[in-house]
Asks: 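Can you keep this structure in mind? I'll have questions shortly.
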Amino acid sequence: MTSQPIDTQSIDRLAEVAVRVGLNLQEGQDLVLTAPVAALPLVRPIVAAAYRAGAGLVTPILGDEQLQLARYENPRDDSFDRAPDWLYQGMAQAFEGGAARMAIVGDDPMLLAEQDPEKVSRAGKANAMAYKPALDHIANFHINWSIVSYPSLSWARRMFPDLGDDAAVAKLADAIFAASRVTGDDPVAEWQAHNATLRARTEWLNAQRFAALHFTGPGADLTVGLADGHEWQGGASVAGNGVVCNPNIPTEEVFTTPHAHKVDGHVRATKPLSHQGSLIEDIEVRFEGGCITEARASKGEAVLQKLLDSDEGARRLGEVALVPHSSPISQSGLLFYNTLYDENAACHIALGQCYSKCFVDGGSLSPEEVAARGGNTSMIHVDWMIGGPETDIDGITGSGDRVPVFRAGEWALND
């Protein structure tokens with residue numbers, strides 16, 4: 001294939017949205033950008049848009065699928081317990097100095113599916129530990145950051161194996177552009193309207209001050225206690241450096257921090273989870289006192305169990321998010337094998353690390369204060385879907401009153 005059938009005008013619009021809406025890059029601000037080499041057709045216009053916006057210095061860090069696979073042909077077993085901590089320390093230093101963060105995703109999300117799952121798990125754990133100094137700036141929302149994606153050939157083949165290369169890439173590109181709201185004449189204005197809708201949802205939820213959410217539906221009877229002083233977020237948010245940005249392009253969710261010790265009941269995943277090259281299907285778990293005490297899956301259960309054993313906080317929740325079944329990504333009917341998209345198709349929960357920004361005055365809280373309010377700590381943060389067209393959610397007030405939040409997978413509010 002000599003050229004990929006991707007509309008260049010849409011790529012340019014996505015680049016502008018990434019810089020102006022996703023990052024809201026500031027005059028003189030540096031940018032650390034990571035991407036696969038396959039995404040260079042998007043990297044280049046993003047870098048150009050960043051410099052047009054007045055960027056100080058843009059530093060791209062590129063990866064490659066074949067280089068990643070080469071590691072698994074390496075006979076040295078101890079390689080999988082190592083990660084480039086020096087690189088992540090440098091990124092953390094850049095963030096401490098005020099740099100923004102942009103990640104472009106596009107690799108085959110199941111790239112490591114045929115590799116030894118033990119090695120994949122060890123490499124993932126080592127990378128998570130090494131990345132933590134940089135991740136803290138992102139998870140705690142100290143800086144403006146954003147993630148966008150590029151329709152690479154390998155990802156397109158994964159999603160549409162029955163199509164030819166050109167048709168597969170074109171179909172994935174169309175899905176990405178539609179979900180990212182860049183198909184109209186003024187994507188920036190469309191994002192402003194979308195952010196206003198999400199902001200109205202968060203303002204309503206924050207006014208309710210619910211103590212818990214109760215999820216019911218097929219395979220679900222789950223009460224998720226909410227952290228003390230939690231705050232709902234969604235769409236555009238103010239980072240700790242004062243910059244308003246959209247961390248995820250696309251996004252359909254509003255989300256907050258659960259109480260790590262107040263989750264009880266059972267729930268079943270409504271969509272498969274793609275994690276580190278493995279597809280985990282039909283997840284079913286039981287929570288007691290915030291901790292997963294039972295977990296099973298029809299496929300990938302060994303990977304799920306390793307994930308839950310990552311550290312002490314891996315069996316507790318760090319996020320609960322609300323997404324209506326009518327979201328464009330849900331209505332596409334596609335499984336993207338990519339959390340950035342799949343989490344925006346349904347209500348979901350996340351195992352592991354919480355976001356300190358999801359507290360009132362979260363930016364001023366110490367890790368000890370976050371923990372005291374019920375925030376979870378872990379080196380993982382893995383979202384999986386629990387919502388669908390039959391999901392009902394009630395908000396439970398501190399006095400025990402119940403308020404409809406979702407009915408049949410949709411917001412129970414009058415707009």
Side-chain angles (χ1 to χ4, degrees), residues 179 193-227 230-235 237 248 250-259 262-273 282-287 290 317-335 339 341-351 354-355 358 383-415:
H194 182 50
N195 280 326
T197 298
L198 294 175
R199 184 167 58 252
R201 300 299 192 210
T202 63
E203 289 175 349
W204 182 83
L205 287 163
N206 285 326
Q208 300 302 309
R209 306 309 312 160
F210 291 131
L213 298 177
H214 183 212
F215 290 77
T216 55
D221 184 357
L222 184 70
T223 300
V224 178
L226 301 180
H230 69 275
E231 185 170 63
W232 288 89
Q233 303 273 349
S237 301
N248 291 345
T251 186
E252 303 291 334
E253 65 175 341
V254 296
F255 58 96
T256 196
T257 296
H259 197 294
K262 296 182 180 179
V263 182
D264 293 280
H266 63 272
V267 70
R268 183 172 66 210
T270 52
K271 294 180 182 294
L273 167 63
D282 302 316
I283 298 172
E284 294 184 67
V285 301
R286 177 172 294 278
F287 287 88
L317 296 186
E319 178 189 347
V320 59
L322 307 182
V323 179
H325 181 62
S326 57
S327 85
I329 296 173
S330 174
Q331 293 304 300
S332 76
L334 297 174
L335 177 66
T339 301
Y341 286 82
D342 293 333
E343 74 170 3
N344 285 298
C347 294
H348 55 273
I349 51 180
L351 303 173
C354 77
Y355 293 125
C358 290
D383 302 85
W384 51 284
M385 309 333 123
I386 64 170
E390 299 175 74
T391 299
D392 288 344
I393 305 172
D394 283 340
I396 303 175
T397 67
S399 60
D401 294 333
R402 302 176 74 92
V403 178
V405 177
F406 266 52
R407 288 293 182 267
E410 300 296 330
W411 286 96
L413 314 178
N414 293 318
D415 291 316

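Side chains included, hydrogens not; waters and symmetry mates left out as well; all remaining heavy atoms used. Positions are given from 1 along the sequence.
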Asks: Could you check whether atom CD of E390 has more than 12 heavy atoms from other residues, nucleotides or ligands sitting under 6.0 Å from it?
Replies: no

Asks: Quick check for you: to the nearest 0.5 Å, what is the distance between Q208 atom CD and L213 atom CG?
Replies: 11.0 Å

Asks: What distance separates H194 NE2 from T251 OG1, expressed to the nearest 0.5 Å?
Replies: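 The OG1 atom of T251 is 6.0 Å from NE2 of H194, to the nearest 0.5 Å.
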
Asks: With heavy-atom distances below 4.5 Å as the criterion, would you say the side chains of V267 and V285 are in contact?
Replies: yes

Asks: Looking at OG of S399 and CD1 of I396, how far apart are the two atoms once the value is rounded to the nearest 0.5 Å?
Replies: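 CD1 of I396 is found 10.5 Å from OG of S399.
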
Asks: For the residue pair S326 and E410, confirm or rule out a side-chain donor-acceptor distance under 3.5 Å.
Replies: yes

Asks: Going by atom types alone, do E343 and T339 pair a side-chain donor with an acceptor below 3.5 Å?
Replies: no

Asks: Could you tell me which non-hydrogen atom of S327 sits nearest to which non-hydrogen atom of A345, and how far apart they are?
Replies: OG-CA, 3.8 Å

Asks: Evaluate the side-chain proximity of H266 to F287: yes if any heavy-atom separation is below 4.5 Å, no if none is.
Replies: no

Asks: Hey, could you give me the CG/CE distance between D342 and M385, rounded to the nearest 0.5 Å?
Replies: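 Those atoms lie 5.5 Å apart.
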
Asks: In Å, rounded to the nearest 0.5 Å, how long is the span from CD1 of I329 to CG of L335?
Replies: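 If I round to the nearest 0.5 Å, the distance is 12.0 Å.
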
Asks: Quick one, I393 and T391 - any side-chain contact, counting heavy atoms below 4.5 Å?
Replies: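 They are in side-chain contact.
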
Asks: Below 6.0 angstrom between ring centroids: does that apply to F406 and W411?
Replies: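 Yes, the ring centres sit under 6.0 Å apart.
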
Asks: Does any non-hydrogen side-chain atom of L322 lie less than 4.5 Å from one of L205?
Replies: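 Sidechains of L322 and L205: in contact.
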
Asks: Would you say that W204 contacts V405 through its side chain, given a criterion of any heavy-atom pair below 4.5 Å between the two side chains?
Replies: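 Side-chain contact under 4.5 Å: yes.
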
Asks: Mind running side-chain hydrogen bond (donor to acceptor under 3.5 Å, both in side chains) on H230 and T256 for me, showing each step along the way?
Replies: CA-CA 7 Å; H230 69 275; T256 196; 5.0 Å; no

Asks: Between D392 (side chain) and A408 (backbone), is there a donor-acceptor pair under 3.5 Å?
Replies: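 Indeed, once roles are kept as given, a pair shorter than 3.5 Å links the two residues.
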
Asks: Are F215 and V320 close enough that some pair of their side-chain heavy atoms sits under 4.5 Å apart?
Replies: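 Sidechains of V320 and F215: in contact.
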
Asks: For the pair E253 and H348, evaluate side-chain hydrogen bond (donor to acceptor under 3.5 Å, both in side chains) and give the outcome as yes or no after the intermediate values.
Replies: CA-CA 9 Å; E253 65 175 341; H348 55 273; 2.9 Å; yes

Asks: Which atom pair, heavy atoms only, marks the closest approach of R201 to L413?
Replies: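 Shortest heavy-atom contact: NH1-CD1, 3.7 Å.
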
Asks: When you measure from the side chain of T202 to the backbone N and O of W232, does any donor-acceptor pair fall under 3.5 Å?
Replies: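 Not confirmed, T202 side chain does not pair with W232 backbone.
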
Asks: If you round to the nearest 0.5 Å, how far is OG of S237 from CZ of F255?
Replies: 5.5 Å

Asks: Any heavy-atom pair between the side chains of V263 and T223 that's under 4.5 Å?
Replies: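 The answer is no; the side chains never approach within 4.5 Å.
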
Asks: Please name all residues satisfying salt bridge (Lys or Arg N to Asp or Glu O under 4.0 Å) with R402, sequence neighbours left out, ordered by chain then number.
Replies: D394

Asks: Take D221 and H214 through the test side-chain hydrogen bond (donor to acceptor under 3.5 Å, both in side chains) and record every step on the way to the result.
Replies: CA-CA 7 Å; D221 184 357; H214 183 212; 2.7 Å; yes

